[in-house]
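Structure first, then comments.
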Amino acid sequence: MPPSPQALVVIPTYNEADNIEPIVERTLAAVPDAEVLIVDDNSPDGTGVICDQLAELHDEVHVLHRDRKEGLGPAYRAGFDWALAHDYGAVVEMDADGSHQPEQLPRLLQQLDRADVAMGSRWVPGGRVENWPRRRVLLSRVGNLYARLVLGLRLRDITGGFRAFRRDALKQLDHDALDSRGYCFQVDLAQRAADADLSVVEVPIVFRERERGRSKMSVAVIVEAMWRITLWAIARRWPLGTKARRLGVKR
């Protein structure tokens, strides 16, 4: 096998037939030295077929087909395992819906020259969201504030999913132990980075609401995130206590 390029961009998909091709093309244009791994959870809309066509067209594109939809966390875990097995020097998380702009990837990856983890942030100076209703902005800000306070983290955008990891840093996070399925997977990664004393830098990004397709955000996803964050906060304060063990907190 020839030497792998420096970075692999992992893009989970489920019913993203309208979005995946332009996102991949933009990604390859923005970071020509990187490769792309699409992790498709057996999308019924034909996303997987489009992914295979992209892989045939571009040597830099790879596809990992999974049997069923299991959520964001398991998809990323599978992508991380694939990246580490193929010796990539850096691994990136990025959504398929266009909310994460591939043109911002070079700035994210450049930060790995001085940090273990580079997190795209909507809530630091220079970062912002576009085309979000006020209630969603409020929900995101309140959720991030709650997570920061109860977990004792200084990061401003703990729930964001546009991130780059150095290979060695990702290995330290023990990502296989993460059992989160929804967006709280990102919170779990952030607190593990802090617990491992990794150097983390937040990079301002412009986050745009998707233009095509349906958002995967739901009430169930939000409830899971808030519940798990609360349990993690309890476990951080009383890691050996009977209460944390009774709650079945995995740390």
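Only heavy atoms go into these numbers, but all of them, side chains included; no hydrogens, no water, no symmetry mates.
- Within the structure, salt bridge (Lys or Arg N to Asp or Glu O under 4.0 Å) contacts touching residues 115-133 (residues at least two apart or in different chains) are D116-R166, R122-D157, R128-E130, E130-R208.
- Checked against ring-ring contact (aromatic ring centres under 6.0 Å, His included), F207 has the following partners two or more places apart in sequence or in another chain: H100, W132.
- In this structure, the separation between OG1 on T13 and CG on D97 is 11.5 Å, given to the nearest 0.5 Å.
- Side-chain contact between D67 and N42 is absent, with no heavy atoms from C-beta onward closer than 4.5 Å.
- No donor-acceptor distance shorter than 3.5 angstrom exists from the side chain of E202 to the backbone of A118, with no hydrogens or angles considered.
- Considering only residues two or more places apart in sequence or on other chains, E25 meets the side-chain hydrogen bond (donor to acceptor under 3.5 Å, both in side chains) condition with H58.
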Working note: E35 + V9, criterion side chain to side chain contact (heavy atoms under 4.5 Å, CB included); need CA distance, chi angles, decisive distance, verdict. CA-CA 6 Å; E35 294 194 356; V9 182; over 6 Å; no

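- Side-chain contact between P102 and M94 is present, with heavy atoms from C-beta onward closer than 4.5 Å.
- With contacts defined as side-chain heavy-atom distances shorter than 4.5 Å, the pair V31/T27 qualifies.
- Note on ring orientation: taking the six-membered ring where Trp is involved, the planes of F80 and Y76 are parallel (angle under 30°, cut-offs 30° and 60°).
- Residues in residues 138-151 take part in no salt bridge (Lys or Arg N to Asp or Glu O under 4.0 Å) pair, two or more places apart or across chains.
- Results of the side chain to side chain contact (heavy atoms under 4.5 Å, CB included) test with I20 over N15, V36, D40, T47 single out T47 as the only residue that passes.
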Stepwise side chain to side chain contact (heavy atoms under 4.5 Å, CB included) test for L37 and I11: CA-CA 6 Å; L37 173 67; I11 307 177; over 6 Å; no

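- The heavy-atom pair separating A169 from V117 by the smallest distance is CB-CG2, 4.5 Å.
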For W123 and V129, what are the C-alpha separation, side-chain angles and deciding distance, and is it a side chain to side chain contact (heavy atoms under 4.5 Å, CB included)? CA-CA 9 Å; W123 309 126; V129 297; 3.8 Å; yes

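- G79 approaches L64 most closely through the heavy-atom pair N-CD2, 4.5 Å.
- Residue V201 is not grouped with residue L198 when hydrophobic side chains (ILVMFWY) are merged at heavy-atom distances under 4.5 angstrom, including chains of intermediate members.
- Follow the hydrophobic side-chain contacts under 4.5 Å out from I205 and you reach L112 in the same cluster.
- Heavy atoms only, all atoms of each residue included: A164 and V92 are closest at CB-CG2, 4.0 Å.
- Atom CG of D113 has more than 12 heavy atoms from other residues, nucleotides or ligands within 6.0 Å.
- Between A96 and I23 the shortest heavy-atom distance is O-CG1, 3.2 Å.
- With sequence neighbours excluded, no residue forms a salt bridge (charged side-chain N to carboxylate O under 4.0 Å, His left out) with D95.
- The two residues P204 and P125 come nearest to each other via the heavy atoms CB-O, 3.5 Å.
- Chaining together hydrophobic side chains whose heavy atoms lie under 4.5 Å apart places L149 alongside L145.
- The same ILVMFWY cluster, assembled from side-chain heavy atoms under 4.5 Å apart, contains both L173 and F185.
- Both L155 and L151 are assigned to one and the same hydrophobic cluster, defined by single-linkage of ILVMFWY side chains at heavy-atom distances under 4.5 Å.
- If you take OG on S99 and CZ on F162, they are separated by 9.0 Å, rounding to the nearest 0.5 Å.
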What's the verdict on side chain to side chain contact (heavy atoms under 4.5 Å, CB included) for L189 and R163, showing C-alpha distance, side-chain angles and the deciding distance? CA-CA 10 Å; L189 273 181; R163 300 172 174 178; 3.6 Å; yes

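- The hydrophobic cluster containing L108 does not contain V91, counting ILVMFWY residues as joined when their side-chain heavy atoms lie under 4.5 angstrom apart, directly or transitively.
- In terms of heavy atoms, A193 sits closest to V200 at CB-CG2, 4.1 Å.
- For the atom pair L72 CG and Q186 CD, the distance stands at 5.5 Å (nearest 0.5 Å).
- For the pair V39 and V10, the minimum side-chain heavy-atom distance is below 4.5 Å.
- E103 meets the salt bridge (charged side-chain N to carboxylate O under 4.0 Å, His left out) test with R26; sequence neighbours excluded.
- Looking at residues two or more places apart in sequence or on another chain, you find no salt bridge (charged side-chain N to carboxylate O under 4.0 Å, His left out) involving R156.
- In this view, R154 satisfies the salt bridge (charged side-chain N to carboxylate O under 4.0 Å, His left out) rule with no residue, not counting sequence neighbours.
- Here CG of N19 is found 9.5 Å from CD1 of I50. Values are rounded to the nearest 0.5 Å.
- Counting only heavy atoms from C-beta outward, the side chains of H62 and H86 never approach each other to under 4.5 Å.
- The SG atom of C51 sits 7.0 Å away from atom NE2 of H65, with the distance rounded to the nearest 0.5 Å.
- For D81, the side-chain hydrogen bond (donor to acceptor under 3.5 Å, both in side chains) partners at least two apart in sequence or on another chain are H175.
- Residues in residues 41-62 take part in these salt bridge (Lys or Arg N to Asp or Glu O under 4.0 Å) pairs, two or more places apart or across chains: D41-R66.
- For the atom pair L139 CG and R134 CZ, the distance stands at 16.0 Å (nearest 0.5 Å).
- Within the 4.5 Å cutoff, the side chain of V203 has no heavy atoms near those of the M119 side chain.
- Evaluation of the side-chain hydrogen bond (donor to acceptor under 3.5 Å, both in side chains) rule for R114 yields Q111 as partners, not counting sequence neighbours.
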